Q: 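One structure follows; several queries about it will come next.
For this chain, numbers begin at 1 and follow the sequence in order. Whatever order the structure lists them in is the order used to number ligands and atoms, beginning at 1. Since the model is a prediction, treat every value here as computed from it, not as a measurement.
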Amino acid sequence: MPIIKLDEKLSLTIPTDLALQAGLAPGDRISVEPDGAGRLLLSPLREPKSPQKPALQEAVDRKNLATPMQFIKGVGPKLAETMVRKGINTVEDALYLLPHRYEDRSTIMPINRLAVGSIQLFCGEVAAAEPMTTKGGRRYFEVLLRDKSGAIILKWFNFNPVFMKRTWRIGRRGIFTGHVGHYGLQREVHHPEVEWLNEGEEATTALARDPASFGRIVPVYPLTEGLSQKIMRKVLKEVVERFAGCVADHLPIGVRQRHSLIPISEALREAHFPAAVTDMAQLNQGSFPARRTLVFDEFFYLELGMALKRQGVTLEAGISFTVTHKYTKLLLQMLSFQLTAAQRRVLTEIKEDMMAPHPMHRLVQGDVGSGKTLVALLAALVAVENGYQVAFMAPTEILAEQHFLNIHRWCEELGVSVVLLTSSFKGKAREAVFARIADGSAQIVIGTHAVIQEKVEFRRLGMGIIDEQHRFGVLQRGILRKKGENPDILVMTATPIPRTLAMTVFGDLSLSVIDELPPGRTPIETRVMFESRRPQVYAAIRAEVKSGRQAYLICPLVEEAEKSELKAAAQMAEHLQSDIFPDLRVGLLHGRMKPEEKEAVMRAFKAQETDILVATTVIEVGIDVPNATIMVVEHAERFGLSQLHQLRGRVGRGSEQSCCFLLASQRLSEDGEKRLRVMESSTDGFRIAEADLEIRGPGDFLGTRQAGLPEFRVADILRDGRVLEEARREAFALAEADPGLKQPEHAGIRTELARRWGGRLELAGVA
Ligand code: ADP
Ligand code: MG
């Protein structure tokens, strides 16, 4: 043992090589203990370890989770390829592919005790097997299966007779699973799964052959072609056993305790292969602790990212506007109406944000016609009063043009300069607009995404307004911000987004809702009409046009088949003009037209030079022709309800009674009809949105995938709304307690957060 002497100041100097050997570093503390033999033992004093694994270990785990599926036992090249097609590239993907339901296969039930209405496991011998025909002439294959206790009928309605006859030999024994039903007087199982027994083999021996599929609660996975449940279970069993333990688990202990969460690796094991005691009902409702834990974990990181993004914005320095009322007061005097209470409330919220020394990041949600544009303009004028420029972005040229016309009309009187900029501006005209934006003589710039292209330079951008946000995505907001000195950002959407979804899509924004329509609007009467009643619909159009009104006829536009659908719209217009309404003027508007053409068509319709406008969904948002009082939507069943609601908002913009006919295919399903009927009974955009979200799911609801939004692996925002709120509360509390997650005990969370969000958190300075 080396000897170290104390010096005069009673301090120790430890030689470097010794320190290294002992694992000591500068600043480390050392414990000193007598060894009982008159000597002192020095040893490094370790801080109590934080629960995180050392960085090295984690790197190894990460690599493990990235293991491609073909390295898993039982996964050959062909199976691996099928899995890749299903989006399962790595073991991590597989781990998070959770079963969509479970079956209890823990005990073999005697046939006479099989419970009707549930999925059961039973064993028996084939007593008879024949193809049969129902009274209605439908073919099916029937097997009579027997055990010591009794018999039951098995049936197949899609089958290959030769194969069935060969497989279902009299006397053959097997183990079966399937849903036990009650038909007439007898119990039957349709399309059961089977595990055949070998000659003389005991059922228990057969069960042991496939422990992933029998003798337990078994998972049922969402499948695609080429992947059977049996294979999925075997593969997942292997993956879960080997890799569930590698998943990083950084949820703070306090959070875990408050919400009764279990460790992630255990949650993964349980979610795939639940313990025998788990309650089946809870499992199939998705409310068992394992799934709740995984959902919480997923939402927690999502919301933590949102919290940090928001924090990143609110902590930054921004413009502190002064409200002078110079222009806003004038504008309010010019209007022939009063702002609604909701408009006033939202405007106050916006002004408070604008006065604050941090950038505003606010979403204004309001049904079609609730007067968002006016609110946005009043906010824009506050920025202009302070000597700043405003950029106002709309998702389509037509909308940008319309905003321009409306806003320009008002601003001209106020002496505020407004310019329009879309991608159809070319050459000299474009340069001229660029110059006016650059020298600041353009105070309000209205346009499409052309406004944020590289060449556009603002002299002093103080505010960005984005209309109809969900078409832009989060990225554009970022670019807009960089065009100015941390300008205030106001996002407007007419899509009523249910609260839970808004929290995930716009979770980093403050929310204002204009929940009131201006008075004096007559509600639109909506009716679902089947194809057979088309003549009545045409008669209604004719009557309306006779009394001086105009009509829209909307044809659906399906993205993949855009071309042929366009043709359909063009053909429809032609058909109406030549066969149905030869005496009326029919116009056509679709997204493939050049902007000048579109504008000409819209102008003509506005000027009542056309009576009927056949259009694709390009008119979905914002188009304002008060004289149009009737709308017909072709193939209404192909639209989302929220989209129908938006479309419908194009009529009923004047004081006249307006109506909307939803033409539906005769073959519409019961559910489909029920869905459309929501439109008849409700004019409340939020209610409609919730119904729509429930029916179609969030992916479809939002249309194209959101840029910048992480995808959910486990969670389902409809089913898991409660967990989302809990996770959000915890995430925001954590961000508040440790802004930027700088504390060392949060290092693991930080790393995990950066990984899950990819490069999309740069705003928060975390990545
Ligand atoms: P949104 O953009 O929310 O669909 P708009 O801003 O286009 O609604 O408003 C629809 C119409 O209602 C416009 O013609 C607008 O001038 C008018 N409007 C806005 N606010 C009011 C109000 N408080 N009272 C009456 N009309 C209003
Ligand atoms: Mg609008």
Side-chain angles (χ1 to χ4, degrees), residues 328-350 362-381 390 392-396 398-414 418 444 446 465-472 490-497 511-524 552 602 605-606 617-629 631 642-656 658 660 683-686 688-689:
T328 47
K329 205 162 169 194
L330 272 177
L331 176 58
L332 290 174
Q333 283 164 357
M334 275 159 52
L335 297 175
S336 57
F337 49 77
Q338 301 266 308
L339 293 185
T340 62
Q343 280 173 314
R344 259 181 281 134
R345 189 192 64 234
V346 169
L347 195 60
T348 307
E349 288 165 1
I350 294 171
R362 183 169 287 276
L363 172 70
V364 174
Q365 209 177 42
D367 215 339
V368 275
S370 60
K372 294 182 294 296
T373 315
L374 184 58
V375 169
L377 175 59
L378 286 162
L381 289 174
V390 176
F392 194 134
M393 290 189 2
T396 65
I398 292 195
L399 260 184
E401 285 156 16
Q402 185 169 297
H403 277 319
F404 175 74
L405 291 176
N406 282 337
I407 288 175
H408 182 254
R409 197 184 43 181
W410 280 319
C411 285
E412 206 163 33
E413 274 185 63
L414 296 172
V418 184
I444 299 180
I446 299 177
I465 299 172
I466 305 178
D467 192 11
E468 312 297 349
Q469 152 75 16
H470 72 263
R471 286 148 192 262
F472 278 108
L490 189 63
V491 177
M492 302 193 294
T493 178
T495 312
I497 301 169
L511 181 67
S512 291
V513 184
I514 308 186
D515 49 6
E516 180 184 1
L517 291 181
R521 301 259 166 97
T522 339
I524 303 155
Y552 291 110
M602 275 319 296
F605 191 65
K606 252 191 160 151
T617 48
V618 292
I619 67 147
E620 182 180 335
V621 275
I623 299 298
D624 197 8
V625 180
N627 193 48
T629 51
M631 171 176 283
S642 287
Q643 203 182 6
L644 286 175
H645 182 65
Q646 301 262 312
L647 280 168
R648 177 169 71 174
R650 298 309 104 213
V651 291
R653 300 187 77 84
S655 51
E656 299 302 315
S658 291
C660 174
T683 51
D684 176 351
F686 273 94
I688 290 170

Q: For ligand 1, which part of Thr340 has a heavy atom less than 4.0 Å away: the side chain, the backbone, both, or neither?
A: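 Both the backbone and the side chain of Thr340 come within reach of ligand 1.
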
Q: Measuring from Asp367:CG to Gln646:CD, what's the distance to the nearest 0.5 Å?
A: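 Nearest 0.5 Å value for the CG-CD distance: 8.0 Å.
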
Q: Are any side-chain N or O atoms of Arg345 and backbone N or O atoms of Val513, one a donor and one an acceptor, separated by less than 3.5 Å?
A: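 Yes, Arg345 side chain to Val513 backbone: donor-acceptor pair under 3.5 Å.
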
Q: To the nearest 0.5 Å, how far apart are CG in Asn627 and OG in Ser658?
A: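 Reported value, rounded in 0.5 Å steps: 9.5 Å.
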
Q: Test of understanding: given a 4.0 Å heavy-atom threshold, classify the contact between Asp367 and ligand 1 as side chain, backbone, both, or neither.
A: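 The part of Asp367 near ligand 1 is the backbone, not the side chain.
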
Q: When only distance counts, is Trp410 in polar contact with ligand 1, meaning an N/O pair under 3.5 Å?
A: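 Not met; the criterion fails.
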
Q: Is it the case that the side chains of Thr629 and Glu656 hold a donor-acceptor pair, with the cut-off being a distance below 3.5 Å and no angle test?
A: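 No.
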
Q: With a 3.5 Å distance limit and no angle check, can you tell me whether Lys372 reaches the backbone of Gly366 through a side-chain donor-acceptor pair?
A: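 Judged by distance alone, yes, a pair lies under 3.5 Å.
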
Q: Looking only at N/O atoms, are Pro519 and ligand 1 under 3.5 Å apart anywhere?
A: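 Between Pro519 and ligand 1 (N or O atoms, distance only) the closest approach is not under 3.5 Å.
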
Q: Give the numbers and elements of all ligand 1 atoms closer than 4.0 Å to a heavy atom of Thr373.
A: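 Selected atoms, number and element: 2 (O), 5 (P), 6 (O), 7 (O).
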
Q: CG/Leu374 to CD/Gln343 distance, rounded to the nearest 0.5 angstrom?
A: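 That separation rounds to 5.5 Å.
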
Q: Can you sort out which atoms of ligand 1 are near Leu339, meaning under 4.0 Å from one of its heavy atoms?
A: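 That gives atoms 23 (N) of ligand 1.
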
Q: Counting from 1, what ligand 1 atoms have a heavy atom of Gly371 closer than 4.0 Å?
A: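 This gives 1 (P), 3 (O), 5 (P), 6 (O), 8 (O), 9 (O), 19 (C) as the contact atoms.
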
Q: With a 4.0 Å cut-off on heavy atoms, is Gly366 in contact with ligand 1?
A: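 No, Gly366 has no heavy atoms under 4.0 Å from ligand 1.
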
Q: With nothing but distance in play, are any N or O atoms of Gly369 less than 3.5 Å from an N or O of ligand 1?
A: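 Right, the criterion is met.
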
Q: How does Met492 reach ligand 1, if at all, at less than 4.0 Å between non-hydrogen atoms: by side chain, backbone, both, or neither?
A: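 Looking at Met492 and ligand 1, no heavy atom falls under 4.0 Å.
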
Q: Need the ligand 1 atom indices (1-based, order shown) with element for anything under 4.0 Å from a heavy-atom of Gln338.
A: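 Once the distances to Gln338 are compared, the set is 22 (C), 23 (N), 24 (N).
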
Q: Give, for atom OG of Ser512 and atom CD of Glu349, the distance between the pair rounded to the nearest 0.5 Å.
A: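 Here the interatomic distance stands at 3.5 Å.
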
Q: Calculate, to the nearest 0.5 Å, the distance between atoms CD1 and CD1 belonging to Ile446 and Ile407 respectively.
A: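 Here the interatomic distance stands at 4.0 Å.
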
